Amino acid sequence: MQTRVRFAPSPTGQVHIGNIRTAIFNWLYARHTGGKFLLRIEDTDRERSTSEAVTQLLAELSWLGLDFDDTPLYQSSRLAEHVEHSKSLVDCGHAYPYKKGEGGEVVLFRIPWNADSFPNIRDCQSASIALHPDVPVRINANGLSYAQVSKKGKPMPTESCLAGFRELEIYDTDRAKIFSLEPVVDEILAGGQTVSLENVSEMTFLRREVYFNDLIKGELSKPLDSMKDLVIVRSDGTPVFHLANVVDDCHQNITHIIRGDDHIENTYRHVLLFQALGAAPPTYAHLPMIINAQGKPYSKRDGDAYLGEFRDNGYLADAVLNYLTLLGWSPGEDLEKMNRGELIERFTLDRVQSSPAQMDINKLQHMNGLYIPELGEADFIQEVRAVVKNEPWGKDVDSNYFSAVARLMQSRTKLYSQAKEWGYFFEEDISFDEKFVRKHLQKPGIAEALLEIGESLRSTPFELPSIEQAIHDVTDKRDIKQGKLNMPLRIALTGVPTGAGIYEIILLLGEETVLRRLNHAITVLCTSG
RNA sequence: GACCCCAUCGUCUAGAGGCCUAGGACACCGGGUUUUCAUCCCGGCAACACGGGUUCGACUCCCGUUGGGGUCACCA
């Protein structure tokens, strides 16, 4: 059977890094298995969903190169279908209308009492819970409400679904059995009746649990007595996430659900919903969270780490994709830099880590620096040109000159945004870091040496070999160790201690600018302070 | 609090009982190449959370503790 996976974001804001990582893993899995990667826009939250968010989402996916199959499914278009399914669930007894709290009547999905058609429910063993005598036990179609006894002997009010208490028997403070559920359960489930029991001390029951096998975490399970029937239709008649999500997964024939492990609690309920709807639950794979520097998962409330910010800060889509894939997954060999094809070929869910991963911006940057030099010259020039346009000096640069600068800088650029620091190639007046000026220019003999370099440059052809030679001549003549003058020269001409090769920089800057800056250095910088 | 999940260098990870004196990468610190910058090369620092089992043998399996995270909505 062909695998079908989906990415199902709700368009309520920017796409954050954890979200997009889920998309990446789904996409990789689909492409690896030759299946389909579907996009479903879960826009049922009308209050918060916006079309701008959808537009942005599509743009982000496209930027990262995550191409999806078929047209996106908008969940809001399926409202009628969702409601229809809730009705059929009510009809066959898997759901029921219920007056809950202040609002009107909602529809609740019933954690199944009768598990015959629910292969994901199994018996565990008999269990007993001590009850607080001050709080009566109430039992009705909605479930059980009771109070456990805390360590300090205080009542801990608890509500559970009825299904958690097969073979339930309740004892009073005299250890006498005062209630058995099995004989009356049909009546209770049929509705209306509420049983209330006072002076209780203990209850015993057969514990059952829902379980499923997770491709990443292995077998996961949760006891039914720790679960409650859940709202699937609001009092205003609109379906909630659980219903819509599961119904649409059925509709789209999703075979594998790959999502964050913050959904595990939901999955216990969703597998039952699938079965109630007459469908086999898909295979699940719960990804560990990506956590921020504070060790917390990125959330919608996190002001940072949106995918768009990485793009805006000069990261390459390929580098981001590569890096994010390595967060929580590894190919099992000492291999990190992989292109799309290699990632797709190697990606399997069983190699996904089950513990959370922390984003390391250093490593991303390093990865980016591996990709930039490989970029086609024209592409690189185009990208950095866009960055530079917003700089005061970058509006109307000569395109040939800019290209020459970009070519020189490409191999030492780790982020497109670093092109903002190229101002010294274009500005008339450049700024100097006082610290470096003091360290490299305000030393004995430097002014004289720079003066000589200026003179020497003036009298030779302005070409790479002769420029280099001119500088060497000065160091030789003044008996300065070779290379010793390069740093002062660099500071004098660019203001900063790092950049491209100094000879190439001189050539690009041109004789006039070089001589002017040398003069400035000699007359102002070397002497001041 | 209850339930669920997780646990190897600072970070990402390799490791499916003996290949482990625990490997790689980023970061950091040295050194070399580049007569300069970046790249590159070499080296260093640095981890199996703790306690019990199981076993001839445990980073690997089991239990417990501790710590971290998630969920407990008519939000998705």
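To find a chain, count down the sequence lines: A is the first, B the second, and so on, and within it residues start at 1. All values below come from the heavy atoms of this structure, side chains included, with hydrogens, waters and symmetry mates left out. Note that the structure is a prediction, hence the values are computed from the model and not measured.
Side chain Ser235(A) to base C74(B): a donor-acceptor pair is found below 3.5 Å.
By the neighbour-count criterion of 12 heavy atoms within 6.0 Å, atom CD of Glu84(A) is sparsely surrounded, having that number or fewer from other residues, nucleotides or ligands. In this structure, Arg138(A) places its CZ atom where only 12 or fewer heavy-atom neighbours from other residues, nucleotides or ligands lie under 6.0 Å away. Counting heavy-atom neighbours within 6.0 Å of Glu333(A) CD, excluding the residue itself, gives a total above 12.
Distances shorter than 4.0 Å separate some side-chain N or O of Ser330(A) from OP1 or OP2 on A14(B). Look at Ser354(A) and you won't find any side-chain N or O under 4.0 angstrom from OP1 or OP2 of C5(B). The phosphate of A14(B) (OP1 or OP2) has a side-chain N or O of Arg351(A) nearer than 4.0 angstrom.
Which of C6(B), C37(B), A76(B) sits closest to the side chain of Val240(A) comes down to A76(B). Checked against C6(B), C12(B), A76(B), the side chain of Gln358(A) finds its nearest nucleotide in C12(B). Of the candidate nucleotides A76(B), U13(B), A7(B), A76(B) has the atom lying nearest to any side-chain atom of Glu42(A). Picking from G10(B), A76(B), C5(B) the nucleotide with the shortest atom distance to the side chain of Asp360(A) gives G10(B). The Met156(A) side chain lies nearest to G1(B) when the options are G1(B), C6(B), A76(B). Comparing C4(B), C5(B), A38(B) against the side chain of Lys217(A) picks out C5(B) as the nearest. Closest to the side chain of Arg490(A), out of C12(B), U36(B), C3(B), is U36(B).
With both ends at atom C1', the span from U55(B) to C61(B) equals 10 Å, rounded to whole Å. Spacing between U21(B) and A47(B) at atom C1', rounded to whole Å, works out to 14 Å. Here the separation of G43(B) from G24(B), taken at their P atoms, is 10 Å to the nearest Å. U11(B) and C45(B) have their C1' atoms separated by 15 Å, given to the nearest Å. The separation of C29(B) from C20(B), taken at their C1' atoms, amounts to 26 Å, rounded to a whole angstrom. Between A58(B) and G1(B), the two C1' atoms lie 36 Å apart (nearest whole Å). Between A76(B) and U13(B), the distance separating the two C1' atoms is 32 Å to the nearest Å. When the P atom is compared between G51(B) and C12(B), the two are found 24 Å apart, to the nearest whole Å.
A cation-pi arrangement is found for Arg110(A) relative to Tyr96(A), the charged atom lying closer than 6.0 Å to the ring centre and inside a 45° cone about the ring normal. Remark: Arg21(A) qualifies as a cation-pi partner of Phe25(A) under the 6.0 Å distance and 45° angle criteria applied to the six-membered ring.
Applying the Watson-Crick and G-U wobble criteria (two distances, each under 3.5 Å), C28(B) pairs with G44(B). The pairing partner recorded for C72(B) is G1(B), the criterion being a Watson-Crick or G-U wobble arrangement whose two distances lie under 3.5 angstrom. The base-pairing partner of A7(B), taking Watson-Crick or G-U wobble contacts with both distances under 3.5 Å, is U66(B). Pair assignment for U36(B): none, as no Watson-Crick or G-U wobble contacts are both less than 3.5 Å. Nucleotide C59(B) forms no Watson-Crick or G-U wobble pair with any nucleotide shown, as no partner meets the under 3.5 Å limit on both distances.
Both Met359(A) and Ile216(A) sit near RNA chain B, but only Ile216(A) has its closest nucleotide nearer the 5' end. Heavy-atom nearest nucleotides on RNA chain B were determined for Ser355(A) and for Glu105(A), and the one closer to the 5' end corresponds to Ser355(A).
A salt bridge does not link Glu209(A) to Arg207(A): none of the charged nitrogens lies less than 4.0 Å from a carboxylate oxygen. Of the charged side-chain nitrogens involved, at least one lies within less than 4.0 Å of a carboxylate oxygen, so that Glu219(A) and Arg122(A) count as a salt-bridged pair.
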Give me the distances for all protein-to-nucleotides 68-71 of chain B N/O pairs that come in under 3.5 Å?
unit_1	atom_1	unit_2	atom_2	d
G69(B)	OP1	Lys296(A)	NZ	2.5
G70(B)	N2	Glu265(A)	OE2	3.1

Restricting to nitrogen or oxygen on both sides, can you table the protein-nucleotides 23-25 of chain B pairs closer than 3.5 Å?
unit_1	atom_1	unit_2	atom_2	d
G24(B)	O4'	Asp334(A)	OD2	3.4
G24(B)	N2	Glu336(A)	OE2	3.2
A25(B)	O2'	Glu336(A)	OE1	2.6
A25(B)	O2'	Lys363(A)	NZ	3.4
A25(B)	N3	Lys363(A)	NZ	2.9

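In this structure, Arg40(A) reaches neither bases nor backbone, as no heavy-atom distance under 4.0 Å exists between it and the strands shown. Residue contacts for Gln353(A): at a heavy-atom cut-off of 4.0 Å it reaches the sugar-phosphate backbone alone, with no base atom in range. Backbone-only engagement by Ser221(A) is indicated by non-hydrogen atom pairs under 4.0 Å involving sugar-phosphate atoms exclusively. Within 4.0 Å of Pro223(A), counting heavy atoms only, lie sugar-phosphate atoms of the nucleic acid but no base atom. At a threshold of 4.0 angstrom between heavy atoms, the contacts of His286(A) with the nucleic acid are absent. The residue Tyr323(A) sits apart from the nucleic acid: no heavy atom pair falls under 4.0 Å. Residue Leu364(A) is out of contact with every strand shown, counting any heavy-atom pair closer than 4.0 Å. Note on Gly260(A): nothing from the nucleic acid sits closer than 4.0 angstrom, heavy atoms only. Among the atoms of the strands shown, base atoms are found under 4.0 Å from some heavy atom of Ile502(A). Among the atoms of the strands shown, only primed sugar atoms or phosphate atoms (P, OP1, OP2) are found under 4.0 Å from some heavy atom of Ala357(A).
Residues Phe380(A) and Tyr416(A) are in side-chain contact: their nearest non-hydrogen atoms beyond the backbone lie under 4.5 Å apart. In this structure, the side chains of Asp134(A) and Pro155(A) stay at 4.5 Å or more apart for every pair of heavy atoms.
Asn266(A) and His263(A) are linked by a side-chain donor-acceptor pair at a separation below 3.5 angstrom, with hydrogens and angles left out of the test.
Aromatic ring centres of His270(A) and His242(A): separated by under 6.0 Å.
Looking at Arg40(A), its side chain never comes within 3.5 Å of a backbone N or O of Ala8(A) through a donor-acceptor pair.
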- Message: Using the rule given for side-chain hydrogen bond (donor to acceptor under 3.5 Å, both in side chains), can you reason through Asn368(A) versus Tyr323(A), listing the C-alpha separation, both sets of side-chain angles and the distance that settles it, and then say yes or no?
- Response: CA-CA 9 Å; Asn368(A) 211 54; Tyr323(A) 176 73; over 6 Å; no
